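So that we are looking at the same thing, I have put the structure below in structure tokens.
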Amino acid sequence: MTKKTGLSLNPLHKNEAEIQLEKLRQQINEHNYRYYVLDDPLISDAEYDQLFQKLNVLESEFPHLVTSDSPTQRVGAAPLKEFTKVQHEIPMLSLENAFNEQEIVNFDKRIHERLKSDAVIEYCCEPKLDGLAISIRYEKGILTQAATRGDGTTGEDVTHNIKTIKTIPLHLLGNNVPQVLEVRGEVFISKTGFKKLNQAALKKGEKIFANPRNAAAGSVRQLDSRITATRPLEVFFYGVGIVEGAQLPNQHSGILKFLSALGLRISTFLEVVQGTNACLAYYHKMMQQRDILPYEIDGVVYKINNIKEQEKLGFVSRAPRWAIAHKFPAQEVLTTIEAVEFQVGRTGALTPVARLKPVYVHGVTISNATLHNMDEIKRKDIHIRDTVMVRRAGDVIPEIISVVKEHRPPNASKIVLPKYCPICHSTIEHIEGEAVARCTGGLFCPAQRKETIKHFASRRAMDIEGLGDKLVEQLVDIKLISSVADIYDLTLQQLENLERMGKKSAQNLLEQLEKSKSTTFARFLYALGIREVGEATAKLLALHFKTLPALKAATEEELQSVSEIGPIVAAHIAHFFHEQHNCDVIGKLIKSGVHWEAVKENKHQPLLGKTFVITGTLPNMTRDEAKEKLEKLGGKVAGSVSTKTSYLIIGVDPGAKFKKAKELGIPILDANEFDVFLKKFQLHLSSLTAKSP
Ligand code: 9MJ
């Protein structure tokens, strides 16, 4: 039985309804394409709404005829419990970055060398969007799966969310649809979309997004697609993955045109050019247009247009050799300093932070900038209420680069180092000649206590999963813990009564706390947070002194006999163990069950004397795991590339280190080569896998 409504022509027979539904969907798809992809609608919004309404009514009368690719299926569905993983058969590549013209010239030169050709190279130039990369699979023209890039090999299934994006067709257009087509592109949020989203969030008292990229990524990685459906997400497609049952054009620009004909939105700023000079002209043109574009771009991309040549070039460390992103320079903006606050770190060091009048800089709202220390403030002559030039480069904390002195208002005030700690009111000590000023409150200061406990629980220290920063702050604020020694006294009852903590999470945390008690001497030393004792020094100390009593008894001279430990570090270590309250904390931790295996002497260290630097994400192991493996073999892992680096290990998205290593001619191992390299020492590793430093 069918229900009669004003809009439908019912009662219809099932096959009549099927035909009508199909026609309506086709019409709506066509209009979607004209509106969202071509930006050239044929009908008014009211006419479109009428068609959509008609489809809605008909589908509600024939619910069993609703198809997964129907335009009505974009509204979002019930939340998922978790994302399922998707393997990318063809890896989703990222791009190598270039920051200046010389790097583009070098890139072009490398291409010529690899292709063994002198001919001018044809490039397809594209704007570079800074959103979230996705891969969408169409089978017989119907959207069947959408996945994030993840690490390039494994992403997350976000089909439910991607289907809510109106610029993405659920059904490809035309008669030339491949059997299987995976398309790759960038999901993003326009400048106005971002503004509206944050205005709405502010109204509702919700957290605002820092930039359109975070907003886009957060919206796509939602378990509840009904939320995603409310977000103004858009897409541009720029490539393909698996293609079956179709012969694609042999030029990149041709492939993009082919995608467009299927109803897939591509950039309207594509240009095919000859040689690097034309690429650079495109770069300057796009940089000028950047502010009037409706969406953020953070650079442009040059891709070799000839697909055969692309195939010849292949890829390295998950970035194609045939493409490069030419990034726009770091952005600088003017704003004013509204106030300066002092943050207290783990060792009591005070860091002045400028609270700025919020400014939106090409995609990011900046409201804070670090002032580093008082010397820096003096050197740059920074006052409160000054107009300042702020620079944001990549993901680093924004910095003030200069003051516009001519704009200094009469009520500008000097930044004064407080006499007392803003948190615990202990006196502030500022030793002549030292850049850093410190709160003398020590562990009496809640800020230092919180930071000490956060450090103790952190991944590279005691590795207590579930004891995150927010929880530590909460536990200290409500006085359930006041030192690291108290965390092992926490009970199930105390934990499960906390705000935002269920019984299950409380139980998990207790399990993790128990697990963390079995550690290594080096991790324990690092976790104590002794000044100047980082991970590397902690390892040296553990290896040299072997036991806690031996280390505690060491004089400053004995400490200095350890290579790489100088007088300052030695003094900090000796001072730490002279403080009775530190010894009490250690005693209590050990009484709570914290223990480690005896430190073993590693006689066979084939990588002794070799220094490694790791950059980018490794697909098969975390950086920490790689570091641990190398160190067990005697290798040292450093943070930056220099002439002393023996090998650079590159994962996905290697950064400036990759470039520097190439310039210095340092041997580079990609993830696969690194696996082979490690396997060479596997035998050795297996004899060293016990959890000891
Ligand atoms: C962006 N983000 O706009 C690529 N991209 O090509 C463009 N990203 C890309 N192309 C291969 N336009 C890997 C990534």
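Remember, it's 1-based here, ligands and their atoms both numbered in the order they're listed. This one's a predicted model, so the numbers in the text were calculated from it and none came from an experiment.
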Electrostatic pair Lys85:Asp157 at N-O distance under 4.0 angstrom
no

Has Arg321 got its NZ or CZ under 6.0 Å from the middle of the six-membered ring of Phe315, at an angle within 45 degrees of the ring axis?
no

Positive for side chain to side chain contact (heavy atoms under 4.5 Å, CB included) with Val187, one of Leu233, Thr167, Leu129
Leu233

Side chains of Trp322 and Glu309 in contact at under 4.5 Å (non-hydrogen atoms)
no

Select all protein residues for which some heavy-atom-to-ligand 1 distance is less than 4.0 Å, and list them by chain and number.
Leu93, Leu95, Glu126, Pro127, Lys128, Leu129, Glu186, Tyr238, Val301, Lys303

side-chain contact (heavy atoms from CB on, under 4.5 Å) with Leu334: which residues, sequence neighbours excluded?
Thr387, Met389, Val404

Only one of Asn32, Asp69, Ile142 passes side chain to side chain contact (heavy atoms under 4.5 Å, CB included) with Leu170, and that residue is Asp69

